[in-house]
Amino acid sequence: HTLSNMYCAYNYPETTYSGLFGINFGIIKNLNVKDAIVGDGKTGKSAGVITGFNGGLIECCSVIGGKVDIVWDSFFLTYAGGIAGTNGYVFNNGPDFSELTAEGGTISRCSSTAEISVKFDQVIFSKINNILGKEDIKSEFYFAAAGGLVGATYGGTIQNCYATGKVHSNMIVSLPPSDSQHNLKFIINDIDNSYSVAGGLIGMVLTNGFFVNPTGDILLQTNYIVETTPLVTKIINCFATGEVTAENTDSTKAIASGFLGFAKNIANPATSVNYEILGGKLNAPSYPVEITNSYFNTELTGRTNGFKGSASIAGVTGLTTAQMQDKSNFIGWDFDNIWFAISNTNGEFPLLHANYSQLDINIEGEGSSDLANQTIVKNGDKLTITFTPKIGWKLQSVTIDGEEIEIVNNSITISTILASHKINVKFSEIPVEIPEIPDTASGLVIIVLLVILSGAAVLILKKRQAVK
């Protein structure tokens, strides 16, 4: 199924999540969304083209072109991604969704080429204090997180996916009015904990747990006790190629990475954490994410780092464009059943069987096709193929998977591409026709030839007599 030109804007405060589906706890499969506009630069908390939040399964879906563009000006966090704004488990004080998200959200064999932009434009502390009715509460942090595929994920699984669209995150921090009664110490802390985070595939990975220090204060320092075992996000066989940028009122808080923007640092996750936001001294860093055989393009993303500023993380490798055109660099990937190793539509990078199909064209005789013998095409597209015979040849027949198809002006049309096909094209030589000579005509020809020969003989005889 293909949906084109969708427009979706946020409806705050009626809903927190925006997308084709605000929240998904079910199964979404085999869906292409083209040229969607989500957010349109208006207020948004968590936005994605397919869904604002995914706690179910999204499989074999693609977002083609379009843009997710949201602005947030309230408290804590905002996320934007091509497929989903947020993925994983639900943590809130509302309805109990624990049974619905027992496995966390899963996104499998999906892709996005949409452009992602998120901006957190805040007046520090004023809005959250108005909401809570207090002047002396110190907030944890503020994040504007953008990812090519997913803005943020809390546990769950992302496998065999890619993103190629541009990703941008922006944090604008302003002080409250000069007559404000806010505690200056807390205001400074909030400015220090305001980050813009962008990742080519995923903006940030978070986990569960309510962190407190020994005195019971809600503060972000070291030596916290975590009340539950942190959830772990799994990312398997994915890549990103889109340009990644981040900006911040404090440039040191702008974090842009080729693959994953940020993840919490957890030490000994079952009992305690040695936790700091982005940088600082960390003992035995450990992150609640397991990444396997995943990659980012160091040239197109504009990033040499795949994770958290200048940090590194196991399972993520930066490749050049040339290296990404060689399937041997994608360790452990299934190029028979899941990925195509060739492409004429995506810069020669791997493409998913779920979103694309391969046309194998075999030509018999003397002629050509306007497509290569092996061509990758987007599922759901309409395709016309034109064949050109050489001089002295003609197009005789075209079969698709053994079934003959109608030819119109040396062209065939496939109304909807849904699967890979084998196309056999047969050209035949045009025979040269020699006209038959009638019997009466042949008799006349013989007489004429005899006359000519007789005349030639007489001329020769006369010349000889003249010589004598």
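Note that this is a predicted model, so its numbers are computed, not measured.
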Heavy atoms, side chains only, cut-off 4.5 Å: are Val244 and Lys166 in contact? no
Could you label the plane-to-plane angle of the Tyr162 and Trp339 rings as parallel, tilted or perpendicular, counting under 30° as parallel and over 60° as perpendicular? tilted
Can you sort out the partners of His168 under ring pair (Phe, Tyr, Trp, His ring centres under 6.0 Å), two or more places apart, ordered by chain and number? none
For Arg109, run the side chain to side chain contact (heavy atoms under 4.5 Å, CB included) check against Cys61, Cys161, Cys60, Ser62 and tell me which one passes. Cys60
Looking at Val232 and Glu290, what are the two nearest heavy atoms and their distance? CG1-CG, 3.7 Å
Beyond-backbone contact of Thr292 with Ile235, side-chain heavy atoms, under 4.5 angstrom: no
Can you tell me which residue among Ser369, Ser411, Ser368 is in a side chain to side chain donor-acceptor pair (under 3.5 Å) with Thr386? Ser411
Heavy-atom closest pair, residues Ile405 and Thr413: CD1-O, 4.0 Å
Can you name the one residue among Tyr295, Phe259, Phe307 that meets side chain to side chain contact (heavy atoms under 4.5 Å, CB included) with Val316? Phe259
Give a yes-or-no answer on whether the side chains of Ser169 and Ser196 include a donor-acceptor pair shorter than 3.5 Å. no
With side chains defined as the heavy atoms from C-beta onward, is the minimum distance between Leu260 and Leu201 less than 4.5 Å? no
Would you list the atom pairs, donor with acceptor, under 3.5 Å between side chains in residues 24-31 and any protein atom, with sequence neighbours excluded?
| from | atom 1 | to | atom 2 | distance (Å) |
| --- | --- | --- | --- | --- |
| Asn24 | OD1 | Gly26 | N | 2.9 |
| Asn24 | ND2 | Asn54 | OD1 | 2.8 |
| Lys29 | NZ | Glu59 | OE1 | 3.4 |

Would the number of heavy atoms belonging to other residues, nucleotides or ligands and lying under 6.0 Å from NZ of Lys234 be above 12? no
Check the pair Asn160 / Ser108 against side chain to side chain donor-acceptor pair (under 3.5 Å), numbers first and verdict last. CA-CA 6 Å; Asn160 295 313; Ser108 177; 5.1 Å; no
Quick one about Thr106 and Thr157 (side-chain donor to acceptor, distance below 3.5 Å, no hydrogens or angles considered), yes or no? no
Have Ser328 and Asp326 got a donor and an acceptor in their side chains that come within less than 3.5 Å? yes
Counting the benzene-type ring for Trp, do Tyr195 and Phe262 have ring centres under 6.0 Å apart? no
Determine the interplanar angle of the Tyr17 and Phe53 rings, folded into 0 to 90°, and report it as parallel if under 30°, tilted if 30 to 60°, perpendicular if over 60°. tilted
Looking at Lys422 and Asp401, is any side-chain nitrogen of the basic one under 4.0 Å from a carboxylate oxygen of the acidic one? no
Contact summary for Ser420 and Phe340, nearest pair of heavy atoms: OG-CZ, 4.0 Å
Does a donor on one side chain sit under 3.5 Å from an acceptor on the other, for Asn424 and Glu364? yes
Taking every non-hydrogen atom, the tightest pair across Phe296 and Gly258: CB-O, 3.5 Å
If every non-hydrogen atom of Asp360 is compared with every non-hydrogen atom of Gln358, which pair is closest and at what distance? OD1-NE2, 2.8 Å
Thr301 side chain to Gly242 backbone, donor-acceptor under 3.5 Å: no
Check whether any side-chain heavy atom of Val63 sits under 4.5 Å from a side-chain heavy atom of Ile83, and report yes or no. yes
What I want to check is whether the side chains of Thr320 and Asn297 have a donor and an acceptor closer together than 3.5 Å. no
